[in-house]
There are 2 protein chains.
Amino acid sequence: MAVTIKDVAKRAGVSPATVSRVIADNPRITGKTKEKVREVMKIMGYYPNFQARNLVAKKSQTLGIIMENSATLAFQNPFFPEVLRGISTRAHGSQYGLYLSTGATQEEIYREVVEMAQGKRVDGIILLYSKIGDPVMEYLCQSGIPFAVVGRPFKDPCAVSYVDNDNINNAKEVVEYLVGLGHRHIAFVGGAADFVVSLDRLEGYKLALKQHGIPFDAAYTVNQEFMHGNEREAIRRLMALDIPPTAIVTHDDMVAYEVIGYLEDLEISVPEDVSIIGFNNHAISRHLKPPLSTVDISIYDLGLHAAELVLEKITDESVPPKQVVVPSRLIERGSCRRL
Amino acid sequence: MAVTIKDVAKRAGVSPATVSRVIADNPRITGKTKEKVREVMKIMGYYPNFQARNLVAKKSQTLGIIMENSATLAFQNPFFPEVLRGISTRAHGSQYGLYLSTGATQEEIYREVVEMAQGKRVDGIILLYSKIGDPVMEYLCQSGIPFAVVGRPFKDPCAVSYVDNDNINNAKEVVEYLVGLGHRHIAFVGGAADFVVSLDRLEGYKLALKQHGIPFDAAYTVNQEFMHGNEREAIRRLMALDIPPTAIVTHDDMVAYEVIGYLEDLEISVPEDVSIIGFNNHAISRHLKPPLSTVDISIYDLGLHAAELVLEKITDESVPPKQVVVPSRLIERGSCRRL
DNA sequence: CTGAAAGCGCTTACAG
DNA sequence: CTGAAAGCGCTTACAG
């Protein structure tokens, strides 16, 4: 049996209430009493029981982190560890712990979130993704629990606190950069179609084309669905078009390298034959061949701000929803060439 | 105020004890009563409070995951997300949640672990790394809390449950593979020197050399300490030796690619001039140039088994410590050449 | 400055 | 088959 507040109280010759106050460092307790109690706590190896403490305090000092289907997306790329690092740093700074979702399907995740929230297992929640028609997001909105999203919500974004890059603009700038290099036939390899980030980037892509009088052609776009075993084929098809693209925008550095691999198999070189650009600026991208031009989206900061937003909500429920846009920057390296 | 068991009881016209039994699906409760109570629970949107439930049950249904200094190692490479995915799957299968450490320094981590354990925040702990003279490991050993380690403990390994690859042998086989290709001057780029995995691999490296009558020369080894900004210089020095190595073993695929980058800057090509081999088989490694030969250490399985081990300990404290060795396999790709 | 008492939301012997 | 009561380990008005 672990030592409880009562054991300490008895041994220190005070009441449990006093011990409790010493733990809370209540200023109304004598220095002498505090010292004595602390001494006893140390001797007995006393540690407060979280469950009990949280039960009466009606809080858990814990943030719930909800990630997408663990088997696939979230875990595939370095986004997850990096955003978690940001969250972790901020949470730790405020003495909050992190509780992770473990569900693999949308239904499991939904159930978990409801239990976390209703069961008071967490004080707030960070949703690591934003997708269209997501029941989890809907639940979060109507539940009243403090939460923040990494990624712009699809509907009613002003009603929720979120942090995001300006994805539309990022993609637009990337395309403009390529246009500036003389490219007119630019392909777009995007993420899963039901993620808002994918929509936004596609939108930015279209916007840039339009602005430069380049007609949009769906044949130049490929999305995450292609990632299910027929990536290679999708790229082959792309390059077999009557007018194949001279540049490809991909939504992630690792995907960019995967594409580069397929291109090489087709004896197409980067950047000689095709220019390519990624997103996320993975640590390794500058060391690889070719060094990848990419957009650094400040993943760590996304995490930091997401944590900040929930923490704010937890501290004061009445603060209005807030949106944070984290800056990104285009990093030029060797994977794009002037036509 | 959230709806409690009392609210449900009142509305259903039963006692709180009965509601509690319905939740636990106690067979001594009438089907009719159960139905009625469940109906009311649904109507009122009742969810059991974890804190309260766990307080009396003296358990938390939660596993603590301790990772190394979040800012650096654990988060740098895909090991962390992948091992977490394994843990997550197994934990979820047994209705266990995951609680993550957030500390950045060893002291912070130590404090967190003690609080997690003593404060009954978690029922068991998975330590994601094994290093020499680690106070966290020592605490875990003497605390009596169920735990498992990913990686062989440095001392008294038989006293703790852990899962690991046969790192000594893995490294040995890698070196033997290179020797088999005709290499005699083989360099070793290892991880941080205080990690047991680094020791083991170095040991395997030495073992293989010895077995083939190749003298060990420390000048051919570089360790993680070189990763602090002077990686490039370390590689330059290595290749400037009187007899430069014709092959390099690196402890991680991404490190291998980083090294390859530095070699290229020195106008040394892989595998033409130098062969190189990695560890961990990152998803991207087969798509990169050159496709990397590497050792697949089954990271997902390491996580799965680690979770299995703690869960076992939690279920039955009396089971003796158990060790699981997860198989690895050498994957030949294009980064090594026969001399 | 400190203690006795009530209570956080639940579970579980003990009765009946 | 169900309820009243005690208790998990803590905190916090309320007294004094």
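The chains referred to below are lettered A, B, ... by the order of the sequence lines, with proteins before strands, and numbering in each begins at 1. In this text the structure is predicted, and so the values were computed from the model without any measurement.
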Problem set entry | Donor-acceptor contact present, side-chain D164(B) to main-chain R152(B), <3.5 Å | yes

Problem set entry | Gap between atoms NZ and P, on K120(B) and dC10(C) respectively (whole Å) | 22 Å

Exercise. In terms of ring plane angle, is the pair F80(A) and F80(B) parallel, tilted or perpendicular, where the classes change at 30° and 60°?
Worked result: parallel

Problem set entry | Rounded distance (Å) that lies between atom C1' of dT2(C) and atom NZ of K10(A) | 18 Å

For this session: Output the single nucleotide from dC1(D), dA4(C), dC1(C) whose closest atom is nearest the side chain of R21(A).
Result: dA4(C)

For this session: Respond yes when some side-chain nitrogen or oxygen of T33(A) is under 4.0 Å from OP1 or OP2 of dT2(C), and no when none is.
Result: yes

Seminar exercise, completed: Between V56(B) and T18(B), the residue closer to the 5' end of DNA chain D by nearest nucleotide is T18(B)

Exercise. S20(B) side chain N/O closer than 4.0 Å to the phosphate oxygens (OP1, OP2) of dT11(C)?
Worked result: yes

Problem set entry | Minimum-distance nucleotide to P48(A) side chain [options: dC10(D), dA5(C), dT2(D)] | dC10(D)

Problem set entry | Under 4.0 angstrom between S15(B) side-chain N/O and dG3(D) OP1 or OP2 | yes

Problem set entry | Side chain of A52(A) (C-beta onward), nearest among dA13(D), dC10(D), dT12(C) | dC10(D)

Exercise. If only side-chain N and O atoms of R53(B) are considered, is one of them under 4.0 Å from the OP1 or OP2 phosphate oxygen of dT11(C)?
Worked result: yes

Exercise. Reckon K58(A) has a side-chain N or O less than 4.0 Å from the OP1 or OP2 of dG9(C)?
Worked result: yes

Exercise. In whole angstroms, how far is the P atom of dT12(D) from the CZ atom of R28(A)?
Worked result: 11 Å

Problem set entry | Minimum heavy-atom distance L128(B)-F79(B), with the two atoms named | O-CE2, 4.4 Å

Exercise. Between atom CG in D25(B) and atom C1' in dT11(C), what is the gap in whole Å?
Worked result: 15 Å

Seminar exercise, completed: Re dA13(D): Watson-Crick or G-U wobble partner, both distances kept under 3.5 Å, found to be none

Exercise. Distance-only, no hydrogens or angles: does the T62(B) side chain make a donor-acceptor pair with backbone N or O of G97(B) under 3.5 Å?
Worked result: no

Problem set entry | Phosphate OP1/OP2 of dC10(C): any Y47(B) side-chain N/O under 4.0 Å | no

For this session: May I ask you to verify if any side-chain N or O of T30(A) is less than 4.0 angstrom from the OP1 or OP2 atom of dT2(C)?
Result: yes

Exercise. NZ of K6(B) versus C1' of dA5(D): gap in Å, rounded?
Worked result: 13 Å

Exercise. What does Y46(A) touch in the nucleic acid at a heavy-atom separation under 4.0 angstrom: a base, only the sugar-phosphate, or nothing?
Worked result: sugar-phosphate

Problem set entry | Atom pair distance, as rounded to whole Å: CD in Q118(B) and C1' in dC10(D) | 17 Å

For this session: Could you check which of dA5(D), dA4(C), dC8(C) has an atom nearest any side-chain atom of L55(A)?
Result: dC8(C)

Problem set entry | Spacing between Q61(B) atom CD and dT11(C) atom P, to the nearest angstrom | 13 Å

Exercise. Whole Å only: how far is the CD1 atom of I23(A) from the C1' atom of dT12(D)?
Worked result: 13 Å

Problem set entry | D194(A) with K131(A): basic N within carboxylate O range, under 4.0 Å | yes

Problem set entry | Minimum-distance nucleotide to I5(B) side chain [options: dT11(D), dG3(C), dT11(C)] | dT11(C)

Problem set entry | Nearest listed nucleotide, side chain of N49(B), among dC14(C), dC1(C), dG9(C) | dG9(C)

Problem set entry | Candidate nucleotides dC10(C), dT2(D), dG3(C), ranked by approach to the side chain of V14(A) - the nearest | dG3(C)

Problem set entry | Mate of dA4(D) where both pairing distances stay under 3.5 Å, Watson-Crick or G-U | none

For this session: For a side-chain hydrogen bond (donor to acceptor under 3.5 Å, both in side chains) with K322(B), tell me which candidate from E308(B), H305(B), E312(B) qualifies.
Result: E312(B)

